[in-house]
Amino acid sequence: MIRFTLRQFRNVAVVSILVLVVLAVILAITGVPLVHLYDSTIRNCKAQGDCKEFLLTDRSLYVWLGIIVLVAPGIIGVFWGAPLVAGELENGTFRLAWSQSVTRTRWMVTKLGVVGLAAMASAALLSLMVTWWASPLDRVNMDLFGHFDERGIVAIGYAAFAFSLGVTAGILIRKTLPAMAVTLVAFVFARLAFVSWIRPNLFAPAYKALPLDPVSTGFATSGGSMSTATLIPAPPFISNAWVYSTQIVDKAGHALTHSFLARACPLLVSGKSAGVSSAGFGLLGHSATRSQAPAGAQSVLQDCVAKVGATFHELVTYQPASRYWPLQWYEMAIFLGAAVILAGFSTWWVRRRLT
Amino acid sequence: MTAVVETKGLGKRYGRRWALSDCTLSIPPGRVVGLVGPNGAGKTTLLNLAIGLLAPTSGVIEVLGGHPADGPSQLARVGFVAQETPTYSGLSVTDHLQMGAWLNPGWDNGLAIGRIQHLKLDPKQKAGKLSGGQRAQLALTLALAKRPELLILDEPVAGLDPLARREFLQVLMEAVAEHGVSVILSSHLVADLERVCDYLVVLVASRIQVAGEIESLLAGHRRLTGPRRDPSRLPANYRVIEASHTDRQSSLIVATDERVHDPVWTVEQIGLEDLVLAYMSRGVEVEKRQPAHVEVRP
């Protein structure tokens, strides 16, 4: 049954291997110079504190590779998973297949096993190739979590899950095209739901308290109404961390209130400088955007931040870089588990319900 | 000897509709069984139950003494050519034989290759490019080379032109003679079955109307023609299958084990086609009459 499954899968496999080989060649050709460039220039640019130029190397390839790793599991689910059984049901060939001397359970388990393993191997190969290629840029970028879904081992879990999802949709819907569409929608939904609701709760976050920085803290009102005026702390730079939120709190953990701000900074809140005088954020320094605010408003804001800073501090909620690999393993395991459950369900369905 | 197919009270329901109901049947081995009935009568349902593609809603079915599709050895004992003879359109003839070899422990490769050569099929041809007749022949080859004890064919010739139909049945009969395999094949046309079958099952409106050896069925039925008479006044051992009347004459098809002595009747032998048609129209009438029973009369 394994040999026959491979025979049925041959055309798809040939195309996939070709794609992977072409990609590997591109990555090897561009990746090796990238490593050399990193080795030769990175020391200089780090010394100068500005590696912006290095980060622009192969920029579009860098972005595209991320997208490829991101969409590959979905493609596997739609084109490998959904037609696997739906195609046989649609063309009636299941009657031929199920009247050979192989039980339906074995037929199903073999198909799931062979093509599922191929899906995982392809995703692993793709993701690890891209991870290797992008590693010099990622090391300088210092934003591990920014490419969490596009690197490492999570893609293996995604691919297995998408594949099982496609097979299950195909069995329940019994028509290839609708099954493909449902697979795509369900997979995208599952991924988005995981990213927004499950991933942030897998590990309890770490906290870090920072003094308010008069230079980088901004001020904003929402909708121009002064009653909603508040201070905006600059996102702190914690190398390779995943920052959930930054808040301004006092020692007891209470958030900065409007009334406190109004008392501390009457000048600012009464609003000569109405609207927003937000601070420039981030890695590249503050001068660019700051300069747009009038100098007078700036000093008012800085005084205000200094006053508020006596009682309040900035609280950062985040996952440190050390949680990156545990999170990768955790997420991969969860998606693999879901894939196994779906595979078990579809086997049971083929055995018992498809009669 | 074990019956090739033995059913008791077998039924299959889809939603609220019974595709097959209360089917009790015992088919002896070594026969070529014709399963006849109009389209939608439940022939495919009965065959799929025997193959194990379907599970019964009620009753039991045993095939060659085992439960259908119950493990690889049971699967190996039954060959199946499904309706419209599905094959993998992207795989070649050789690939299909390879599949047969991989998936069936009793695969007879010599037989398979011999048949493909005899049929003059191009081994490299993709199954999707074969004609309907060639595809049916390929499907039959796959089922035969598995060396089953029982071969089940669901409307194998329905989509074929008369020439391909004759060739297919001829090849089937040669195989039966050569390998001594029991065969059940379904058709909605009696003419297809007349030449090849020695056992008949008539299925109409989800129920079995009659089953038996064709010879004894023919011997046990008579056409009686005579002056007009009410069929209910016939002797008790005459079972009227079909009755048609003109003003002065009655023409009956009756089942009886006895010789007809009453001189008012002209007694005729009956052909298979007439016999089947009589049972089919009876089944259809029963089906039509059924709603009348639930009518409440004031």
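The sequence lines fix the lettering, A, B, ..., with proteins before strands; numbering per chain opens at 1.
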Gap between atom CG of Leu91(B) and atom CZ of Arg10(A) - 0.5 Å precision: 8.5 Å
Closest-packed option against chain B by number of heavy-atom pairs under 4.5 Å, given Gln8(A), Arg106(A), Arg3(A): Arg3(A)
Over 12 non-hydrogen atoms of neighbours within 6.0 angstrom of CD in Glu84(B): no
Flag if over 12 foreign heavy atoms under 6.0 Å of CH2, Trp325(A): yes
Interface residues of residues 97-121 of chain B facing chain A - heavy atom cut-off under 4.5 Å: Met99(B), Gly100(B), Trp102(B), Leu103(B), Asn104(B), Pro105(B)
Top of Gly79(B), Ala82(B), Ala143(B), Pro86(B) for chain A proximity - count of heavy-atom pairs under 4.5 angstrom: Pro86(B)
Polar side-chain atom of Lys146(B) near backbone of Ser101(A) as donor-acceptor pair, under 3.5 Å: no
Phe345(A) atom CZ, over 12 foreign heavy atoms within 6.0 Å: yes
Atom CH2 of Trp329(A) with >12 non-hydrogen neighbours under 6.0 angstrom: no
Interatomic spacing from OG in Ser99(A) to CD1 in Ile152(B) - rounded to 0.5 Å: 9.5 Å
Neighbour count >12 (heavy atoms, 6.0 Å) for atom OH, Tyr330(A): no
Arg95(A) CZ to Asp154(B) CG distance, which is reported to the nearest 0.5 Å: 8.0 Å
Side-chain touch Leu96(A)/Leu142(B), heavy atoms, less than 4.5 angstrom: yes
Val81(B) portion near chain A, given a 4.5 angstrom heavy-atom threshold: neither
Non-neighbouring partners of Ala97(A) that pass side chain to side chain contact (heavy atoms under 4.5 Å, CB included), sequence neighbours left out: Glu88(A), Trp107(A), Tyr88(B)
Minimum side-chain heavy-atom gap Leu75(B)-Gln100(A) below 4.5 Å: no
Over 12 non-hydrogen atoms of neighbours within 6.0 angstrom of CD1 in Ile2(A): no
